[in-house]
Amino acid sequence: MMETAQLRPAAARATPSLRYLPVSLFGSVMSVAGLALAWRLASKTYGADLAVSNAIGVAALALFVVLALSYLGKLLRHPELVRHEFSHPVLGSFFGTVGISVLLLSSVIGGYSAAAQLVVWSVGTVVTLALSALMISRLLNGNAAPTSVVPAWLIAGVGSLDIVVTGGALTADWTHEVNLLAAAIGGVSALVFFVLIFSRLVHQEPLAATMRPSKMILMAPFAVGFIAYVNLVHRVDMFAALLFYFALFLFGIIGYRLAVKPAPFSPAWWAIGFPMAALSNAALTYANAVGGVVLHGVAALLLLLLTAAVLVLAARTLWGLAAGRLLTA
């Protein structure tokens with residue numbers, strides 16, 4: 001009887017399966033790639049070893065390959081689950097993280113080959129614009145439940161802004177017009193969605209515990225918008241400063257609330273990584289343009305916080321995989 005009782009928990013334990021792989025996990029690629037780009041800026045600003053950025057960039061590329069192949073396996077084995085995820089009013093928004101991952105990886109690759117960067121950026125641009133158009137078109141069908149209005153909706157707008165973030169330095173004539181198109185789509189839609197989501201958070205029931213980390217995405221339109229705007233106008237002016245400081249303000253509020261009332265760990269926690277990466281890159285860019293001990297201190301602190309957050313999230317994710325808890329029902 002003793003042996004039978006001891007075997008029951010193991011037998012009842014769910015087996016990890018690709019069927020439970022969430023598309024939102026591509027947020028980890030965005031976070032790691034954003035960290036690589038932040039350390040690349042830090043190498044110019046603080047003299048950090050460029051090998052740190054390169055190593056993180058390789059890790060981001062490897063992570064994307066693993067996740068892409070794994071999710072392709074899910075598509076082939078469980079196409080009905082992928083269709084359900086894609087059509088879901090909340091989960092469907094996270095498909096935008098795939099296109100954004102490709103865009104950010106194009107900047108990582110740009111450190112090695114400008115030609116390869118243009119090709120990868122073009123692929124990411126097509127995917128991102130197509131998904132943005134599809135997601136926004138879907139919302140115009142109406143009858144969206146108030147509870148489906150979540151921070152993840154912003155991914156459609158932020159994704160278009162990331163086209164400008166990663167393609168602003170490209171020199172081909174046609175890329176400038178594409179960047180203007182992406183800035184128009186991303187800027188306006190991100191602001192509209194921000195207002196809708198903010199209103200939902202104020203007037204409707206609180207987000208589920210597993211969704212609370214995604215509140216950090218509220219900061220992304222302003223941090224990403226800052227980088228996109230600077231890439232377009234090639235200077236840091238007062239409007240850029242306003243975008244940066246509001247992103248910093250939101251980070252303080254949302255970060256404090258998540259620290260005081262943390263949600264249980266799940267892949268959804270990766271939603272804090274890529275907005276923090278955007279803010280870290282924005283802070284480094286702003287500090288380089290304006291100067292000053294305080295601004296450089298803020299930029300360095302944000303880089304350290306981002307690095308710590310990605311390391312903790314990676315460790316918790318790997319531990320969850322090893323323990324068989326991550327890809328289970």
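When reading the values below, keep in mind they use all heavy atoms of this one structure, side chains included, and skip hydrogens, waters and symmetry mates.
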Counting only N and O atoms by type, is there a donor-acceptor contact under 3.5 Å from the side chain of [X] to the main-chain atoms of [Y]?
{"X": "Thr45", "Y": "Ala42", "result": "no"}
{"X": "Thr166", "Y": "Leu104", "result": "no"}
{"X": "Trp270", "Y": "Val29", "result": "no"}
{"X": "Tyr46", "Y": "His296", "result": "yes"}
{"X": "Ser199", "Y": "Val195", "result": "no"}
{"X": "Ser31", "Y": "Phe274", "result": "yes"}
{"X": "Thr128", "Y": "Thr125", "result": "no"}

Query - Short side-chain donor-acceptor distance under 3.5 Å, Trp39 and Thr307 - result: yes
Query raised in the report: Do Ser266 and Thr210 have a side chain donor and acceptor closer than 3.5 Å?
Result: no
Query raised in the report: More than 12 heavy atoms of other residues, nucleotides or ligands under 6.0 Å from NE2 of His84: is that the case?
Result: no
Query raised in the report: Do you know which of Tyr229, Phe239, Tyr245, Phe246 makes ring pair (Phe, Tyr, Trp, His ring centres under 6.0 Å) with Phe222?
Result: Phe246
Requested in this report: Hey, can you tell me if Phe193 and Trp153 have their rings parallel, tilted or perpendicular (30° and 60° cut-offs)?
Outcome: perpendicular
